[in-house]
Number of protein chains: 2
Amino acid sequence: MTEDIPQAPIPAREQADRFLRAREVQSVALLEDYVEMIGDLIAEMGEARVADIAERMGVAQPTATKAVARLKREGLAISRPYRGVFLTDAGGTLAEKVRARHRTVVALLMAVGVPEETAELDAEGIEHHVSDQTLQAFESFLAGR
Amino acid sequence: MTEDIPQAPIPAREQADRFLRAREVQSVALLEDYVEMIGDLIAEMGEARVADIAERMGVAQPTATKAVARLKREGLAISRPYRGVFLTDAGGTLAEKVRARHRTVVALLMAVGVPEETAELDAEGIEHHVSDQTLQAFESFLAGR
DNA sequence: GTCAAGATATAGCTTAGGCTATAATTCGTG
DNA sequence: CACGAATTATAGCCTAAGCTATATCTTGAC
Ligand SMILES: [Mn+2]
Ligand SMILES: [Mn+2]
Ligand SMILES: [Mn+2]
Ligand SMILES: [Mn+2]
């Protein structure tokens, strides 16, 4: 049983800031997943084709096309019509950061007893909300075990 | 330095399933936050008024009204025009579950070295992606320290 | 009891992210 | 080297979630 400790109520403004932050994070989460995954495809196959992007994301092909358009708008990817998609320097850097964070989150989850498959499943959503500060705490914890 | 261990590439289908799961979770995350927060308001003030809901969520009042409409559609809340908002049994049960999970996530983060404020900030997004299985692992870890 | 202020609802707009159906392009095979 | 299959782009639709502006309802002060 969890003890019934009444929490000191949070100021409305502060709580609102937390929710705002969570909403901001969520708006870049999809971009992060696309960028990381496109990086994987390029590493594995030399290029990322729209059809493969769609398959790996579990979306329809036009949805992937639209996402790529957004990545291009944000300066994370480049592509020409009917050709493969590639990452810009910014995109590649982001992909690497996201990939590393993903691995750390999975490792942390497993370190506290979460089975690997579940860790992978939950990490796919959790990772985007892990701040730099929390990521550092995770790394310290993993190093100091 | 993180070691450069090449991961075994995940089957596209399995990875797609993870992304699908993350997107599903994301679609209920906002509902969870609204329900938990409305529960707080009712506990503190006896009722949840639309203006207070909007303030705490950091959204405009019509956005809160629309969210309440969705909660009603989903059977989590009831209200009559120009009156306060209340939770159904289902809504109250969900609020309690979400509140408990939130506390556990914050506790776990702090247990691995995340400062309280950062833990609260990150938990607001992380919590929604924590599966029952992961939640249990968190509880065991916290109990067995 | 009236009515002005405050709270809530409604109208109408935007963007992101899905979808299906179909048009346009590329490319391998014969 | 042509053409059919595969791939990609486009058109057009939907829902969720945000916003501002404005209409409508409630309520407390006089
Ligand atoms: Mn992810
Ligand atoms: Mn990931
Ligand atoms: Mn939350
Ligand atoms: Mn929460």
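Residue numbers start from 1 in every chain, and the chains themselves are labelled A, B, ... in the order their sequence lines are given, proteins ahead of strands.
Rounded to whole Å, atom P of D:dG18 lies 10 Å from atom CG of B:D33. As a whole-Å value, the separation of B:R70 CZ from D:dC14 C1' is 14 Å. Put simply, CD on A:E74 is 12 Å from C1' on C:dT15, counting in whole angstrom units. Taking atom CZ of A:R23 as the reference point, atom P of D:dA16 lies 17 Å away to the nearest angstrom. Atom CE in B:M57 sits roughly 11 Å away from atom C1' in D:dA17 (whole-Å rounding). Distance, B:Q26 CD to D:dA16 C1': 9 Å, rounded to whole Å.
B:S79 has its side chain within reach of B:V68: a pair of non-hydrogen atoms, C-beta onward, lies under 4.5 Å apart.
Phosphate proximity of D:dA16 to B:R73: present, with a side-chain N or O under 4.0 Å from OP1 or OP2. For C:dA9, the OP1/OP2 oxygens have no side-chain nitrogen or oxygen of B:R80 closer than 4.0 Å. The side chain of A:R83 contributes no N or O atom lying less than 4.0 Å from OP1 or OP2 of D:dT8. Here A:T65 does not reach the OP1 or OP2 of D:dT8: none of its side-chain N or O atoms lies under 4.0 Å away.
Here the two rings, on B:H129 and A:H128, have centers that are 6.0 Å apart or farther.
Residues of residues 38-56 of chain B that place a heavy atom closer than 4.0 Å to DNA chain C, in numerical order, are B:R49, B:V50, B:A51.
In terms of position along DNA chain D, the nucleotide closest to A:P81 lies nearer the 5' end than the nucleotide closest to the other residue of the pair A:P81 and A:K66.
Other residues, nucleotides and ligands contribute at most 12 non-hydrogen atoms within 6.0 Å of the CD atom of A:Q136. Counting non-hydrogen atoms of other residues, nucleotides and ligands closer than 6.0 Å to CD of A:E96 gives a total above 12.
At a cut-off of 3.5 angstrom, counting only N and O atoms as typed in the model, there is a donor on one side and an acceptor on the other between the side-chain of A:Y82 and the base of C:dA24. Between the side chain of A:Q61 and the base of D:dA9, a donor-acceptor pair under 3.5 Å is found.
Across all non-hydrogen atoms, the minimal contact from B:A48 to B:I42 is N-CG1, 3.9 Å.
You'll find that the side chain of B:V59 is closest to D:dG18, out of C:dT10, C:dG18, D:dG18.
Linking ILVMFWY side-chain heavy atoms closer than 4.5 Å, directly or via other members, places B:V130 and A:L135 in a single hydrophobic cluster. Under the 4.5 Å side-chain contact rule for hydrophobic residues, B:L30 and A:L30 do not share a cluster.
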